[in-house]
Amino acid sequence: AYCGQRYAPITMTLDHVGPRRGQTAYDGRDNLVVACKTCDGAKKDLPPMAFLLGARSRAGNLLRYGSHLSTGLLELARSLVPADFDPDSPYRD
């Protein structure tokens, strides 16, 4: 959901976009994405804004693969990509 790369399902992790920090409310589907181990490790417990600002392409990928996320997380990602961003465009990179 962050780097947009394809990996074997067995190597993927389930990541909390908004860090849990001990709160079970963050275990909902609208806060979880599938991520590669590299992205999951890089994100750690960073707030979504800090992680997405590290590489704005992550925000575009999150929009592309995270349509199930909460409205707040989707708005955050949208605020970091150009207004004419099309997540399905083959020319998005």
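Values below: every heavy atom of this structure, side chains too, minus hydrogens, waters and symmetry copies.
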dist Leu53:CG -> Leu76:CG (nearest 0.5 Å) comes out at 8.0 Å

Suppose the criterion is side-chain hydrogen bond (donor to acceptor under 3.5 Å, both in side chains): which pairs have a residue in residues 4-16, not counting sequence neighbours? Tyr2-Asp15, Thr13-Asp40, His16-Asp27

So, taking the atom named CG in Leu62 and the one named CZ in Arg78, what distance separates them when rounded to the nearest 0.5 Å? 10.5 Å

Please report the closest heavy-atom contact between Leu74 and Leu69, naming both atoms and the distance. CD1-O, 3.5 Å

Would you check if Leu73 and Pro48 make a side-chain contact, meaning some heavy-atom pair closer than 4.5 Å? yes

In the structure I gave you, are the side-chain heavy atoms of Met49 and Leu52 within less than 4.5 Å of one another anywhere? no

For Ala42, side chain to side chain contact (heavy atoms under 4.5 Å, CB included) partners two or more places apart: Phe51

Given 3.5 Å as the limit, does a donor-acceptor pair link the side chain of His68 with the main chain of Leu32, or not? yes

Val17 and Val34: same hydrophobic cluster, using ILVMFWY side-chain contacts below 4.5 Å? no

Considering non-hydrogen atoms only, spot the tightest contact between Cys36 and Met12 and give its length. N-CE, 3.7 Å

Can you name the closest pair of heavy atoms from Ala59 and Ala77 and give their distance? CB-O, 3.6 Å

